[in-house]
Amino acid sequence: MGKNIVIVESPAKAKTIEKFLGKDYHVVSSFGHIRDLKKKDISIDFNNNYAPIYEVPTDKKKLVSELKKKASEAEMVWLASDEDREGEAIAWHLFEVLSLTEDKTKRIVFHEITKDAIINAIQTPRKIDKALVDAQQARRVLDRIVGFELSPILWKKIKPSLSAGRVQSVAVRLIVEREREITTFKSEANYRITAVFITKDTQGKTVELQAELPKRFKTKEEANRFLEVCKDAQFNIEDISKKPSKKSPAAPFTTSTLQQEAARKLGYSVAQTMMVAQKLYENGLITYMRTDSVNLSALAINTAKAEIIHFAGEQYVKTRQYATKSKGAQEAHEAIRPTYMNQHTIEGNRQEKFLYELIWKRTIASQMADAEIEKTTVTIGISTSEERFIASGEVLTFDGFLKVYMESNDDEDTTEDTKMLPPLHVHDTLQYKKILSTERFTQRPPRYTEASLVRKLEELGIGRPSTYAPTISTIQNREYVEKGDKEGEKRTYNLLTLEKGTITDIIKEEIVGTEKSKLFPTDIGSVVTDFLLANFASVVDYNFTAKVEKEFDIVASGKLEWQKAIDKFYKGFHTLVEDSLQNSTKKVGERLLGNDPTTGKPISVKIGRYGAIAQIGLTTEEEKPQFAALKKEQSIETITLEEALELFKLPRTVGEFEEKEVTIAVGRFGPYVKHASAFYSIPKEIDPLKITLSQAIDLIEKKREDDKNKVLKTFAEDASIQLLNGRYGAYIKQNKNNYKIPKSKKAEELTYEDCLEIIKSEASDGDKPKKKKGFKKK
DNA sequence: CAGTGAGCGAGCTTCCGCTTGACTT
């Protein structure tokens, strides 16, 4: 046992550091926070100056007692958690929980995992920065107050189990508001003029030259008039200008930029990227993957430089230090980079390989020379008009960093292809081949992707690298937001073509607005957002986090007690909470559509216990209202009275089969046929409003046939046990429970006794909860 | 997988930020 124990946050980090420090130092990990506000209740003592009620969570108890034992045996305890607000708090909680004393505790910090940095840290220890810890306590307490006072209001007023919070509610608001911008967006047409000219190259061969009019016309008439003017015009080159320009590489990856690029270039979801990166980190291939810093260590820059010289040459090197631009960055770590710059590729699965290569390229490119480009602009005069055509071309004169990496962007139509121009001279005259006027439309704003939402949140300073991925899944798990595709819509546009002196006028068709894997708000998301905006505007304000962060900074500087900061916020906030509870309207988000033409009763839509529903009539003593669930593609905001009435055409009876009624209805999982208390799903191709009795009977008979094939084996001894064929292969079913068959056994050969054995053994170790973490019931 | 939505009432849900496992039905 060493004389020194060093505690860091991550076990992978512990392993690396131990190698640098030698045998006198034993490096262990706290696995993040070891103590937090009690899980249950708000756990803040409002009568005692907001005293937090902390506890060691059950899954950390064992770890904490081990750490306590090791700390008591060591001569010196080095608290080496990250140098940011959370890291300082972890150090303080360790100090408290492990009952450390000041004389045998030292606080050290380093931003990079290099031997120099760590030795240097050991030589310059300090004390725990209590003001910084207090800033963290303020942050923690504020988030708990917001989350645990707002969520119950939503349970009462909208639906149970909903949630609200400083981060997630703003994320949902962004998506809801973007959707509304899209629905209210009116696109405007304009007319873009492009021309194809004919000229000769050095060998006298005919080549084409593409040019565009910088001006766009507002109306078709104007565009047409311009083409008329071009009919008999002379075109001649007035000017050719060449301008050198440069392109610089992007900064090395942070968590957020890695998520964006992996989504764009590799198509990974935010969660996927983090899982793969974690794996690379654990295998020692990359530095820490949750960081907001673009900083590279001196070691990294030097080895990158050596590597660039090795594979490309000295002229490709340009070392750079990047400065972070994002709000609220705490920069406790390095940027995400390969551990070894000379390792261009790695062993691993496809996903790991691709992500590693992306990180390698981005890091290396960041230390490479600018790309040099020569831009040529050709101005083409028109004898009959004041307007001028512009042709532009680009030649890459030095590739620089582009040799390895090009950052991509989110723009949906990247039609701007840069090309080389044929040889041209001033005063050359040109012949037009054709001149086109194309009707173009202004574009609506795009829906967010997971990654572009992360970028927006980071821009607003909301959320941290460790929470981007979990936040994205929370808002989807709560059903505030759905990831989905949208088919494009057909749109017609006008195309005028001037060719050989005549203008033709045609209408063409295009598909626009196709979207894949975008975030769409649900009805619940919209209703919750509206409610929060109406009652807690200050909390869902895009600047709320930035404002409270300023307060936390004052706390961290030691100029303000954290409880005072909280008190300032809580007084106003809690008044809003009480006001909104007092407000008698029980349900929010209800919309009246009109009256039922046959009965005259009011028809409305609202959020029910299981999602959006339409309702005919009111709840009175005499009678119950009628309900119908909205279809997936319908929404409370846009459904019309006619569409709502359609929903009440189900359930309906289509006839009889085997002397029992056959009815059609729609439930949680879509439309179904009900017959003799059994259910049969109706496939998408069949319209439940039009399904006939014979079609329904077909469905019933097909399902019966399938069920027959599903049973592999039954036992005479016990009818409750069956061997069934399922989605994941054969399994045993007893009553309502399923049991998997061990891989060593063949399903067809199992005897009754074998089955009993399997059930018994699985039931015994199935005691612990089988629920998956972070994934809530459907 | 399960096919609901009144009203009653018990008992549950919920935040953000640090970390990594144990699970795959």
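Residue contacts shown for A:Y281 are limited to sugar-phosphate atoms, with no base heavy atom under 4.0 Å away. Note on A:R140: a base of the nucleic acid sits closer than 4.0 angstrom, heavy atoms only. Looking at heavy-atom distances under 4.0 Å, A:G463 makes contact with sugar-phosphate atoms alone, never a base. Among the protein residues, A:G611 comes within range of the nucleic acid bases, having at least one heavy atom under 4.0 Å from a base atom. Note on A:P470: nothing from the nucleic acid sits closer than 4.0 angstrom, heavy atoms only. Within 4.0 Å (heavy atoms only), A:G32 reaches at least one base atom of the nucleic acid. In this structure, A:V167 reaches the sugar-phosphate backbone alone: every heavy-atom distance under 4.0 Å involves primed, P, OP1 or OP2 atoms, never a base. Note on A:Q168: only backbone sugar-phosphate atoms sit closer than 4.0 angstrom, heavy atoms only; bases stay farther off. Looking at heavy-atom distances under 4.0 Å, A:Y288 makes contact with sugar-phosphate atoms alone, never a base. Within 4.0 Å (heavy atoms only), A:L162 reaches sugar-phosphate atoms of the nucleic acid but no base atom. Residue A:T467 is in base contact, counting any heavy-atom pair closer than 4.0 Å across all strands shown. Within the nucleic acid shown, A:A164 comes within 4.0 Å of sugar-phosphate atoms alone, with no base atom in reach, counting heavy atoms only.
No donor-acceptor contact under 3.5 Å links the side chain of A:S163 to the base of B:dT14. Between the base of B:dC18 and the side chain of A:R290 there is no donor-acceptor pair shorter than 3.5 Å. One cannot find a donor-acceptor pair under 3.5 Å joining the base of B:dC16 and the side-chain atoms of A:R144.
Side-chain atoms of A:Y672 lie closest to B:dG3 of the nucleotides B:dC18, B:dG3, B:dC15. Minimum atom distance to the side chain of A:F31 is reached by B:dT20, of the listed B:dG3, B:dA6, B:dT20. Here the side chain of A:T474 is nearest to one of B:dA6, B:dT20, B:dC15, namely B:dC15. Taking every side-chain heavy atom of A:R166 into account, B:dC16 is the closest of B:dG5, B:dC16, B:dG21.
In this structure, NZ of A:K62 is placed 10 Å from P of B:dA22, rounded to the nearest angstrom. The CE-P distance, from A:M289 to B:dT20, rounds to 5 Å in whole Å. In this structure, the CH2 atom of A:W92 is 19 Å from the P atom of B:dG17, given to the nearest Å. In this structure, the CG atom of A:N477 is 14 Å from the C1' atom of B:dT14, given to the nearest Å. Here the C1' atom of nucleotide B:dT14 and the CD atom of A:E149 are 12 Å apart, to the nearest Å. Remark: C1' of B:dA6 and CD of A:Q626 are 14 Å apart, rounded to the nearest angstrom.
Within the structure, every side-chain polar atom (N or O) of A:S30 is placed at least 4.0 Å from both OP1 and OP2 of B:dC18. Taking 4.0 angstrom as the limit, A:R478 places a side-chain polar atom (N or O) nearer than this to OP1 or OP2 of B:dT14. Within the structure, a side-chain polar atom (N or O) of A:S466 is placed less than 4.0 Å from OP1 or OP2 of B:dC18. Between A:Q278 and B:dT20, a side-chain N or O to OP1/OP2 separation shorter than 4.0 Å is present. Not one side-chain nitrogen or oxygen of A:R35 sits closer than 4.0 Å to the OP1 or OP2 atom of B:dC18.
Proximity of A:S43 to A:R144: side-chain heavy atoms (C-beta onward) are separated by under 4.5 Å at one or more points. The shortest side-chain heavy-atom distance between A:Q278 and A:M274 does not fall under the 4.5 Å cut-off. Side-chain contact check for A:Q136 versus A:W92: every heavy-atom pair is 4.5 Å or farther apart.
Between A:F569 and A:F544, the two ring planes are tilted [angle within 30° to 60°]. Using a 30° and 60° split on the angle between ring planes, A:F679 and A:Y672 fall in the perpendicular class, above 60°. Using bins of under 30°, 30° to 60° and over 60° for the plane-to-plane angle, the ring pair A:F657/A:H675 lands in the tilted bin.
Centre separation under 5.5 Å together with a plane angle under 30° holds for the ring of A:F679 and the six-membered base ring of B:dG3, marking them as stacked. Here A:F148 packs flat against the base of B:dT14; its ring centre is closer than 5.5 angstrom to the base's six-membered ring, tilted by less than 30 degrees.
Both A:P465 and A:D41 lie close to DNA chain B; mapped to their nearest nucleotides by heavy-atom distance, the more 5′-ward contact belongs to A:D41.
A salt bridge does not link A:D596 to A:K601: none of the charged nitrogens lies less than 4.0 Å from a carboxylate oxygen.
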